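Whatever order the structure lists ligands and atoms in, that order sets their numbers, starting from 1. Please read these numbers as outputs of a predicted model, since none were measured by experiment. The first residue in the sequence is number 1, and the count goes up from there.
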Amino acid sequence: MADTQEIVSVLTESRVFPPPEQFSQRAHIRGMQDYQRLWDEAEKDPQKYWGERAREELFWKEPFQTVLDWKPPHARWFVEGKTNLTYNCLDRHLPRLKDKPAILFEGEPGDRRSITYGELSQQVNRLANGLKSLGVKKGDRVGIYLPMVPEAAVAMLACARLGAVHSVVFGGFSAEALQERMKDAGVKVLLTADGGWRKGAVVPLMKNVEAALTHATGIEKVVVLTRTGDGKLPAGPKFLAWDALVKGQSDTCEPEWVESEHPLFILYTSGSTGKPKGVLHSTAGYAMMASLTTRWVFDLREDDVYWCTADVGWVTGHSYVVYGPLMNGVTTVLYEGAPTQPGPDRFWAIIERYKVSILYTAPTAIRAFMRLGDGPVKQHDLSSLRLLGSVGEPINPEAWMWYRDVIGGGRCPVVDTWWQTETGAIMISPLPGATPTKPGSATFPLPGIHAEILDRDGKRVPRGQGGLLFVTKPWPSMLRTVYGDPERYVKTYFSELPGMYFTGDGARTDADGYVWLMGRVDDVVNVAGHRLGTAEVESALVAHAKVAEAAVVGRPDDLKGTALVAFVTLKHGNAPSDALKKELAAHVAKEIGAIARPDEIRFAEGLPKTRSGKIMRRLLRDVAAGNHSTQDTTTLEDLNVLAALRQNDE
Ligand code: ATP
Ligand code: MG
């Protein structure tokens with residue numbers, strides 16, 4: 001039985017990078033003995049461990065007595081406690097950090113703003129008072145549909161101040177996607193802007209809102225920020241200018257002290273695998289882990305200039321652009337636009353300008369930069385960087401090496417962080433002062449996180465074999481439910497093995513116990529009786545000097561059951577040819593074995609991705625099979641990419 005369930009691993013990676021001595025010496029967690037000590041503590045008495053963390057990380061208006069109330073699959077953490085997340089992000093720092101920049105903002109057109117903790121606090125309180133004047137109360141849902149401007153953070157924090165539940169919808173989403181999410185979340189007030197800047201053009205947010213409002217949404221008021229100066233405020237009592245709302249509002253607003261389990265936000269998952277789910281997070285457990293993991297994983301110090309390039313529309317933007325860094329009192333950089341606008345060196349210019357010390361970005365961006373070559377990077381002084389992070393997809397070892405060598409100058413540790421919207425915070429990651437890293441491995445679960453690789457019967461899979469990634473014990477920042485659909489919560493996450501959270505991802509450990517993510521279980525391909533994770537075949541392709549990016553899917557095949565089809569984009573300056581196809585197929589066979597040799601290779605200009613930059617293999621499966629797809633494409637970044645792939649398909 002185990003035979004047919006095992007996911008075969010074909011990748012071997014033997015490079016190891018211990019933490020640089022100097023880095024380790026001043027790190028929060030030094031060496032694996034520190035890691036092990038924390039792990040043992042958590043193991044011995046989880047309630048004590050998590051209770052202590054919660055007391056250390058957060059200000060409590062009222063203390064909790066019960067650390068965890070676990071009635072599988074429902075958890076309540078820090079039960080009797082009361083806190084307020086905005087208070088934790090702002091007020092408690094003010095005596096000391098009032099004049100320190102909280103946010104360094106750069107708009108795509110080049111406009112800049114530096115906002116101190118003191119100023120941010122005033123803006124948040126004014127908006128919170130403004131929202132109150134619109135009747136927003138504890139528990140009400142507020143939609144946020146904004147570009148990556150400081151007001152997006154202000155909006156989230158103002159909601160949290162009032163105990164209102166925010167639901168951020170990525171500014172790149174269409175009217176339809178917005179309407180669907182607003183309706184599902186039961187949003188009462190929507191905070192938006194006239195537009196935002198992206199790739200030199202205006203994203204017409206207000207027009208999308210108007211289109212969304214032609215269908216039922218339940219939205220009572222729309223507050224409009226002027227960003228691009230494009231178009232005027234629509235007529236009617238529903239619409240209100242942001243400036244008018246906050247004008248004259250007091251810059252003090254008493255925080256609403258909410259119960260630990262009070263809902264903080266609803267966020268729809270990025271939709272790599274199907275219809276978006278409204279993931280609901282509650283306050284204290286989420287806040288505690290966002291704060292703790294930001295400090296541990298990025299080894300934060302007070303003088304860091306920290307830049308996470310994610311949009312606030314994704315969970316990464318929630319935990320690691322806004323809440324985690326602000327709870328830690330560091331300076332966080334916010335950039336509005338596209339990575340290559342106006343030139344391919346925009347990211348590197350930003351790092352040089354603000355002396356960014358920590359960069360956290362996604363493999364899709366890293367691969368896109370690799371495709372452009374080292375030139376744009378070399379134009380800038382990146383010596384301020386001391387740590388690099390990656391999140392969102394498995395990072396191919398070659399992309400990891402490029403990131404480390406070219407961006408990090410060979411001196412910065414790389415942390416490949418595995419987590420999900422549902423987990424709220426990083427779960428598996430190196431701790432940069434402790435963990436020797438291997439390119440492409442997320443290494444080990446954080447202390448107290450029971451991420452385990454099991455087979456379908458719940459048995460632990462031996463080292464070296466692939467299996468299903470579960471989190472077998474509750475953790476403080478776990479999702480609490482799927483909003484409005486409690487059955488889907490149980491069915492999606494807790495029906496594979498009762499009481500254990502199923503991540504949907506495949507993974508393996510190597511001989512040293514390192515965790516390697518193998519892609520989504522839905523994407524596993526069964527070739528001649530072997531179950532292959534797509535990530536490894538893709539990594540082998542990306543390791544070829546001419547390949548920029550690759551996606552591998554299965555196509556039904558009479559003979560083999562499933563044939564492997566690889567979609568490949570090439571680095572600049574390389575042309576597709578039949579000879580290159582043969583070369584690539586041979587390269588894969590040589591690197592990882594004949595079983596993984598693609599049966600078909602297709603060159604493409606681009607791959608279909610979610611708007612958060614993840615390859616959508618489920619769409620490619622249809623293209624490979626020549627089927628007309630009826631799948632949900634609302635989260636697809638660029639429909640043209642899919643159309644182009646279909647056209648190539650003669
Ligand atoms: P949906 O659940 O709607 O399909 P999604 O899973 O893409 O969307 P997210 O919660 O943003 O939405 O992404 C989490 C997933 O991203 C993980 O389950 C995993 O597949 C992938 N992932 C994130 N970080 C890493 C990483 N460091 N290594 C490998 N995979 C990662
Ligand atoms: Mg998911």
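- In this structure, Trp419 has a heavy atom closer than 4.0 Å to ligand 1.
- Between the side chains of Lys438 and Thr443, no donor N or O sits under 3.5 Å from an acceptor N or O.
- Using a 3.5 Å distance cut-off with no hydrogens or angles, the side chains of Tyr360 and Thr417 do pair a donor with an acceptor.
- Under the 4.0 Å criterion applied to side-chain N and carboxylate O atoms, Arg480 and Glu422 are not assigned as salt-bridge partners.
- Of the polar atoms of Val391, none of the N or O atoms is found under 3.5 Å from an N or O of ligand 1, judged by distance alone.
- Looking at Asp523, Val521, Thr269 and measuring to atom 3 (O) of ligand 1, the nearest heavy atom belongs to Thr269.
- For atom 6 (O) of ligand 1, the nearest non-hydrogen atom from the set Arg618, Met518, Arg520, Lys277 comes from Arg520.
- Those atoms of ligand 1 with a heavy atom of Asp505 less than 4.0 angstrom away are 17 (C), 18 (O), 19 (C), 20 (O).
- The distance between the ring centers of Phe470 and Phe502 falls below 6.0 angstrom.
- Taking any N or O of Thr503, backbone or side chain, none lies under 3.5 Å from an N or O belonging to ligand 1.
- Seen from the ring of Phe17, Arg404 counts as a face-on cation partner, given the 6.0 Å and 45° thresholds.
- No close placement of the His318 and His281 rings is indicated, their centers lying 6.0 Å or farther apart.
- Using a 4.0 angstrom heavy-atom cutoff, Ser612 does not count as in contact with ligand 1.
- Between Tyr501 and Trp475, the distance from one ring center to the other falls under 6.0 angstrom.
- Proximity to Gln420 (heavy-atom distance under 4.0 Å) selects the following atoms of ligand 1: 10 (O), 14 (C), 17 (C), 18 (O).
- With a heavy-atom cut-off of 4.0 Å, Thr610 does not touch ligand 1 at all.
- For ligand 1, the atoms sitting less than 4.0 Å from at least one non-hydrogen atom of Asp416 are 26 (C), 27 (N), numbered in the order shown with element in parentheses.
- Residue Trp307 comes nearest to Val333 through the heavy atom pair CD1-O, 3.3 Å, listed as atom of the first residue, atom of the second, then distance.
- Contact annotation for Leu517 and ligand 1: only side-chain heavy atoms (C-beta onward) come within less than 4.0 Å of the ligand.
- Residue contacts with ligand 1 do not include Trp314, since none of its heavy atoms lies under 4.0 Å from the ligand.
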